Student: 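Okay, handing you the structure first.
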Protein chains: 2
Amino acid sequence: MANAPRKGPYICGIDAALDVVSGKWKGLVLWELHAHGVRRFAELRRALPGVSEKMLTQHLRQMEEDGLVHRTVYAEVPPRVEYSLTESGAALNEALRPLGEWGRDRIRRHRLAVAPDPDAPVPAGS
Amino acid sequence: MANAPRKGPYICGIDAALDVVSGKWKGLVLWELHAHGVRRFAELRRALPGVSEKMLTQHLRQMEEDGLVHRTVYAEVPPRVEYSLTESGAALNEALRPLGEWGRDRIRRHRLAVAPDPDAPVPAGS
DNA sequence: CAGCATCCATTATGATACTG
DNA sequence: CAGTATCATAATGGATGCTG
């Protein structure tokens with residue numbers, strides 16, 4: 001993925017779409033940017049428990065190249081980089097919603113493990 | 001994938017869903033089974049240009065384990081095995097439809113390569 | 001803070017030959 | 001026909017250290 005080995009040719013829309021969302025964290029990045037609108041690198045990092053800097057960078061660059069996310073660099077010290085969804089990325093997210101529903105259903109039905117939400121407020125008394 | 005290294009825990013429905021559709025041919029298998037209802041091993045093989053027997057078997061087994069496809073073996077000579085979508089698989093396919101739309105849009109917009117449909121009728125004069 | 005470079009481990013995918 | 005087994009390679013994921 002590091003050098004975006006563009007798959008294709010595609011047989012139908014499904015695999016064209018799956019091609020750009022495949023990757024361990026792409027779905028979560030989309031989700032996170034959709035939920036918050038704009039996120040900085042470190043914020044995304046925190047939102048994706050277990051992701052390494054390299055992977056996050058790779059995924060973000062790939063998604064930028066695929067026209068899904070927008071990257072804004074502020075020439076400040078310390079540096080600041082903000083990510084947001086492009087129009088295409090937002091549309092993809094919309095298209096992903098039913099899939100998310102199905103996934104939640106599946107989690108319920110099969111009682112799969114769910115990681116704690118790092119955005120959740122800290123429980124009182126801790 | 002050969003031994004289904006169940007990922008998770010999941011952070012949201014999206015990645016739970018992406019987990020079961022990730023794989024180079026899963027989307028196409030779903031598509032094919034959706035379009036035709038029931039397909040034999042060799043039919044699926046033909047429908048997925050370039051897939052190796054091993055990969056197809058692996059994907060089908062994984063999808064069976066994930067409860068997406070149903071596998072029926074007929075004790076005949078020569079052997080016959082038919083695959084079809086389970087209820088869950090059909091629901092997944094429904095959930096995948098908007099994604100397919102988005103993918104087709106993307107193909108159009110970026111003028112991406114599209115493989116010829118092996119199901120298409122043979123052009124006259126060949 | 002937001003990265004890039006390097007090395008290394010694990011997975012995914014493939015080609016080929018063989019079997020009931 | 002519908003697979004398995006075996007042998008390879010490519011793609012992906014991750015740990016660590018360094019830089020502007």
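Naming: A, B, ... by sequence-line order, numbering from 1 per chain. These numbers were taken from a predicted model, which means no experiment stands behind them.
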Student: In chain order, what residues pass the salt bridge (charged side-chain N to carboxylate O under 4.0 Å, His left out) check against B/R80, with sequence neighbours excluded?
Tutor: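 With neighbours one apart ignored, the set is B/E76, B/E82.
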Student: A/P49 versus B/I11: any side-chain heavy-atom pair under 4.5 Å?
Tutor: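 They are in contact (side-chain heavy atoms under 4.5 Å apart), so the answer is yes.
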Student: Check side chain to side chain contact (heavy atoms under 4.5 Å, CB included) between B/E87 and all other residues, then give those that pass, not counting sequence neighbours.
Tutor: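 So B/E87 forms no side chain to side chain contact (heavy atoms under 4.5 Å, CB included) with any residue.
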Student: Taking the minimum atom-to-atom distance to the side chain of B/Y83, which one of C/dA2, D/dG3, D/dG13 wins?
Tutor: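 Output: D/dG3.
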Student: Check whether any side-chain nitrogen or oxygen of B/R61 sits under 4.0 Å from OP1 or OP2 of D/dG3, and answer yes or no.
Tutor: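 The answer is yes; a side-chain N or O of B/R61 sits under 4.0 Å from OP1 or OP2.
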Student: Nearest-Å distance, NE2 (A/H59) to P (C/dA2)?
Tutor: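 After rounding, the gap between these two atoms is 19 Å.
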Student: With side-chain contact (heavy atoms from CB on, under 4.5 Å) as the test, pick out the partner of A/L33 among A/V38, A/L44, A/T86.
Tutor: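 Filter result, single survivor: A/L44.
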Student: What is the distance, rounded to the nearest whole Å, between atom CZ of A/R45 and atom C1' of C/dG3?
Tutor: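 Rounding to the nearest Å, CZ of A/R45 and C1' of C/dG3 are 11 Å apart.
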Student: Compare the minimum distances between each of D/dA2, C/dG3, D/dG13 and the side chain of B/F41, then state the nucleotide with the smallest one.
Tutor: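 Side chain of B/F41 sits closest to D/dA2.
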Student: Indicate for each nucleotide in nucleotides 14-20 of chain D, in 5' to 3' sequence, whether protein heavy atoms under 4.0 Å reach the base (B), only the sugar-phosphate (S), or nothing (-).
Tutor: BB----B
Student: Whole-Å distance between D/dG13 C1' and B/D19 CG?
Tutor: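 Taking CG of B/D19 and C1' of D/dG13, I get 15 Å after rounding.
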Student: May I ask you to say what B/R80 touches in the nucleic acid, namely base, sugar-phosphate or nothing, with a heavy-atom cut-off under 4.0 Å?
Tutor: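 If one applies the 4.0 Å heavy-atom cut-off, B/R80 turns out to touch the sugar-phosphate alone, with no base involved.
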Student: For B/R40, which contact category applies under a 4.0 Å heavy-atom criterion: base, sugar-phosphate, or nothing?
Tutor: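 Sugar-phosphate: the residue B/R40, judged by heavy atoms under 4.0 Å, touches backbone atoms but no base.
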Student: Output a table of donor-acceptor pairs, distance under 3.5 Å, between side-chain atoms of residues 107-116 of chain B and any protein atom two or more places apart or on a different chain; print 'none' if there are none.
Tutor:
from	atom 1	to	atom 2	distance (Å)
B/R108	NH2	B/D105	OD1	2.8
B/R109	NH2	B/D105	OD2	3.2

Student: How many whole angstroms separate atom CD of A/Q62 from atom P of D/dG13?
Tutor: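 Distance, rounded to whole Å: 10 Å.
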Student: Could you state the CG-P distance from B/L56 to D/dC1, rounded to the nearest angstrom?
Tutor: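 One finds 14 Å between P of D/dC1 and CG of B/L56, rounded.
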Student: Do any side-chain atoms of residues 92-99 of chain B form donor-acceptor pairs under 3.5 angstrom with protein atoms, and if so which ones, sequence neighbours left out?
Tutor:
from	atom 1	to	atom 2	distance (Å)
B/N93	ND2	B/L30	O	2.8
B/E94	OE1	B/R97	NH2	2.6

Student: Quick one: side-chain hydrogen bond (donor to acceptor under 3.5 Å, both in side chains) partners of B/E101, sequence neighbours excluded?
Tutor: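 Residues passing side-chain hydrogen bond (donor to acceptor under 3.5 Å, both in side chains) with B/E101: B/R104.
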Student: Which nucleotide sits closest to the side chain of A/A42: C/dG3, C/dA2, D/dA2?
Tutor: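 The answer is C/dA2, which lies nearest to the side chain.
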Student: Starting at CG of B/L48 and ending at P of C/dT13, how long is that distance when rounded to a whole Å?
Tutor: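 Nearest whole value for this atom pair: 12 Å.
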Student: How close or far is atom P of C/dA5 from atom CD of A/Q58, stated in whole angstroms?
Tutor: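 Value for this atom pair: 11 Å.
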Student: Roughly, in whole Å, what's the span from OH in B/Y74 to C1' in D/dG3?
Tutor: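 Distance, rounded to whole Å: 18 Å.
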